> 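If you scroll down you'll find the structure; I have some questions about it.
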Amino acid sequence: MSKAFSQEEPQSAEPEEAPDDVLPLPAGARNYMTPGGFARLKGELDQLVQRERPELVATVAWAASNGDRSENADYIYGKKRLREIDRRIRFLIRRLDLAEVVDPAAPREDDSADQIFFGATVTVRGASGQHRGHRRDRHCAGLHQLDIADGARAHQGA
């Protein structure tokens with residue numbers, strides 16, 4: 001049989017899907033979140049599940065009904081975006097399931113001015129060099145609440 005008529009594995013134009021968990025938690029680590037961080041992730045999950053995904057499924061169904069899917073940009077892009085949304089939904093569900101919500105305003109028995117607790121906002125002053133005397137606010141947050149530009153730092157040191 002001629003090689004021209006043998007069936008080969010089709011080459012996909014798309015790279016393999018990225019892993020769902022971009023920032024896996026270290027073994028034994030807890031996924032602390034502030035109430036605001038938990039609400040933000042829950043809101044994103046609700047937005048994806050209740051609004052974005054159903055709209056995209058309708059678009060993909062419409063595009064699929066148009067016929068040839070191999071050259072249908074709406075169908076191809078829609079399926080790719082649907083995989084991205086599903087991956088993000090799985091990620092958010094896992095993170096929210098593992099979340100331990102910690103209220104930073106709750107009183108602690110060992111409160112002292114010398115300690116920083118999860119969820120705290122502290123002011124740091126530069127001690128030397130060009131930052132001497134410069135003041136900056138820092139917020140101790142969970143890994144999935146980080147906003148480096150806003151001065152947030154992970155409680156695990158990331």
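No experiment lies behind these values; they were computed from the predicted model shown.
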> Is a salt bridge present between Lys42 and Asp46, judged by a nitrogen-to-oxygen distance below 4.0 Å?
yes
> To check you understand the geometry: which heavy-atom pair defines the closest contact between Ser70 and Ile76, and what is its length?
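Looking at all heavy atoms of both residues, the closest pair is O-CD1, 3.4 Å.
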> Within this structure, what is the CD1-CZ distance for the pair Ile93 and Arg88, rounded to the nearest 0.5 Å?
11.5 Å
> Quick one: do Tyr77 and Leu82 end up in the same hydrophobic cluster if we chain Ile, Leu, Val, Met, Phe, Trp and Tyr together by side-chain heavy atoms under 4.5 Å apart?
no
> For Val101 and Thr34, run side chain to side chain contact (heavy atoms under 4.5 Å, CB included): C-alpha distance rounded to whole Å, both residues' side-chain angles, the deciding distance at 0.1 Å, then the answer.
CA-CA 6 Å; Val101 179; Thr34 61; over 6 Å; no
> To the nearest 0.5 Å, what is the distance between CH2 (Trp62) and CG (Asn72)?
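Trp62 atom CH2 to Asn72 atom CG measures 7.0 Å (nearest 0.5 Å).
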> With rounding to the nearest 0.5 angstrom, report the CG to CZ distance, Leu41 to Phe91.
7.5 Å
> Any chance you could measure Gln50, atom CD, to Leu45, atom CG, to the nearest 0.5 Å?
8.5 Å
> Less than 4.0 angstrom from a charged side-chain N to a carboxylate O is my criterion; do Glu84 and Arg81 meet it?
yes
> Looking only at atom types and distance, does a side-chain atom of Asp74 sit under 3.5 Å from a main-chain N or O of Ala63, one as donor and one as acceptor?
no
> Quick check for you: to the nearest 0.5 Å, what is the distance between Leu56 atom CG and Arg51 atom CZ?
12.5 Å
> For the pair Glu44 and Leu92, evaluate side chain to side chain contact (heavy atoms under 4.5 Å, CB included) and give the outcome as yes or no after the intermediate values.
CA-CA 8 Å; Glu44 181 184 352; Leu92 290 170; 3.8 Å; yes
> Return the CG to OH distance between Leu98 and Tyr32, rounded to the nearest 0.5 Å.
13.0 Å
> Identify the residue among Lys79, Arg53, Lys80 that makes a salt bridge (Lys or Arg N to Asp or Glu O under 4.0 Å) with Asp86.
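Exactly one candidate clears the test, Arg53.
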> Are the side chains of Arg90 and Arg87 in touch, meaning some heavy atoms are under 4.5 Å apart?
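In short, these two side chains touch, coming nearer than 4.5 Å.
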> Compare every heavy atom of Leu48 with every heavy atom of Pro54, then report the nearest pair and how far apart it is.
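For Pro54 versus Leu48, the nearest heavy atoms are CD-O, 4.0 Å.
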> Would you say that Glu100 contacts Met33 through its side chain, given a criterion of any heavy-atom pair below 4.5 Å between the two side chains?
no
